[in-house]
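Read the structure below first, then the notes.
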Amino acid sequence: MTTVISNEEIERQRAFAKKVLRLNLDRENPPTAHVHTFGCQQNVSDGEKIKGMLAQMGYGLSESPDGSDVIIFNTCAVRENAEDRVFGNLGALKHEKRRNPDAIIAVCGCMVEQEHITQRIKKSFPHVSLVFGTNALHTLPELIYGQLTEHKRAFSVPKSDGVIAEGIPIRRESKITASIPIMYGCNNFCSYCIVPYVRGRERSRSIDDVVGEAQAALRNGAKEILLLGQNVNSYGKENGTNFSELLRRINALDGEFRISYMSSHPKDASKELIDTIAECEKVTRHFHLPVQSGSSRILKLMNRKYTREDYLEIVRYIREKIKDVALTSDIIVGFPGEMRKDFEETLSLIEEVRYDSLYTFIFSPRKGTKAAEMDDPITEEEKGIWFRELLAVQDRIGTNMYEKYVGQTLRVLCTGLGRTGELALTGKTPQNVIVDFDGESELIGKFVTVKIEKALNWALLGKIIF
Ligand code: SAM
Ligand code: SF4
Ligand code: F3S
């Protein structure tokens, strides 16, 4: 069962934050904290809450762990290389702890929701003094207070189907894009995926809380509202609303801004939702619709609950209703039992759909998931060859897809300084495609109209019209 954290509990944590603040104000030098977030937008959003609470406790935020009084690793468990990276970084902190024995080194996030990981940290990383799970995030003030006053190792990973905690302070990473989680957890249990085990059951925030947060962010100058959830299409199932209604309510708020969202599961991408997106002019013309594989046989083994044909029908309907849409996707190469002919079906699907871009992954077995137990006869070397083949095919498709924007005049949200060198600014088209153009830095955070002049394979180049 989902636990909604009470206002009293949030108040209690606020009181702990004040106590920590008082301790920190007594210190000679103002204390600093470093937060390193790994993984997806959901984790980035948790990182913003961690930073919000640390600021409330009087910590200045530092870009580097060196010399920081609190170091927090907010971790991701989705693939083995994500976990390896965390362990590598944690190992390197041993020297930091030797230099600064009072530093509080903490690990939180998805990795520590796995018992074997917490055991490994307990045994092999004695310099880590605090571990807290995703359901204990809101108790950070109490945990830090405990560290400062008791100096004992603490492991707080409560068993729970998941919590919803409102009223935690947030330190947003971006002034332009406000990331707003609308739901947490996942019930889909795709056979390869660890997320349902580490993030608990699906639970939605109230529609008024989400709309209120969007309104506040817009008042503070945000120009993009990014709605987050592992499967945003399931939003509101338990509280009588749905994602379409949420989009319509946010779309009706005043001002020029964009609404983006991620991720959507194809099994729940209903025609009603696609119609709503088509009608709501502030919603991005971008659908990130992870397909994972082009083979219905593999999709069944993955427990995705749609076939290749179902997926292609959704794509057809999206393209019919939203003419200027950009499609992107996630693909897993080398799922256990995937044969060359299954992989070729993935290649033929991407040729048919013609995605603007793809996020591609080689299957990584995750302990506790069904797929980790399945026979996997294809070698890593073979998977690597398929993977590079997929990248090459998408590279060609992506460049061709970007060519179609050349000559178009598009409304672009200017997000920062450009990366292409000669052009000073960068922004996003309504399709979420990156475009670089010349202009003064006062335009950052504003909408401008840009004529697209050239396509690269990862971005567009253009010129401001007004
Ligand atoms: N909930 C989202 C969805 O279903 O589209 C995505 C969640 S997951 C964090 C992001 C992507 O990681 C997935 O779409 C999948 O392609 C990939 N992924 C998840 N588990 C994986 C695994 N065990 N090995 C390789 N890739 C994986
Ligand atoms: Fe993982 Fe599937 Fe849930 Fe996405 S929908 S988080 S891939 S289990
Ligand atoms: Fe990773 Fe957790 Fe996100 S496993 S991808 S950080 S939900």
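Counting convention: from 1, in listed order, for ligands and their atoms alike. Computed over heavy atoms, backbone and side chain alike; hydrogens, waters and symmetry mates excluded.
Shortest contact from atom 7 (S) of ligand 2 to any protein heavy atom: Tyr192 OH, 3.4 Å. Shortest contact from atom 3 (Fe) of ligand 2 to any protein heavy atom: Cys186 SG, 2.3 Å. Remark: minimum distance from atom 2 (Fe) of ligand 2 to any protein heavy atom is reached at Cys190 SG, 2.3 Å.
When each atom of ligand 3 is checked for a heavy atom of Arg199 under 4.0 Å away, the hits are 7 (S). Close contacts between ligand 3 and Gln230 involve ligand atoms 7 (S) [criterion: under 4.0 Å to a heavy atom].
With Phe38 as the aromatic partner, Arg85 does not meet the cation-pi criteria of under 6.0 angstrom to the ring centre and within 45 degrees of the ring axis.
Side-chain contact of Asp268 with Asn231: a donor-acceptor pair under 3.5 Å is present, judged by distance alone. No hydrogens or angles considered: a donor-acceptor pair under 3.5 Å links the side chains of Asn239 and Thr241.
Residue Lys97 qualifies as enclosed at atom NZ: its count of foreign heavy atoms under 6.0 Å is above 12.
Atom 1 (Fe) of ligand 3 has Cys76 SG as protein N, O or S atoms under 2.8 Å away.
Summarising the contacts of atom 25 (C) of ligand 1 with Asp330, Val78, Ile362, the nearest heavy atom is found in Ile362.
With respect to Glu173 and Lys51, a salt bridge is recorded, a charged nitrogen being found less than 4.0 Å from a carboxylate O.
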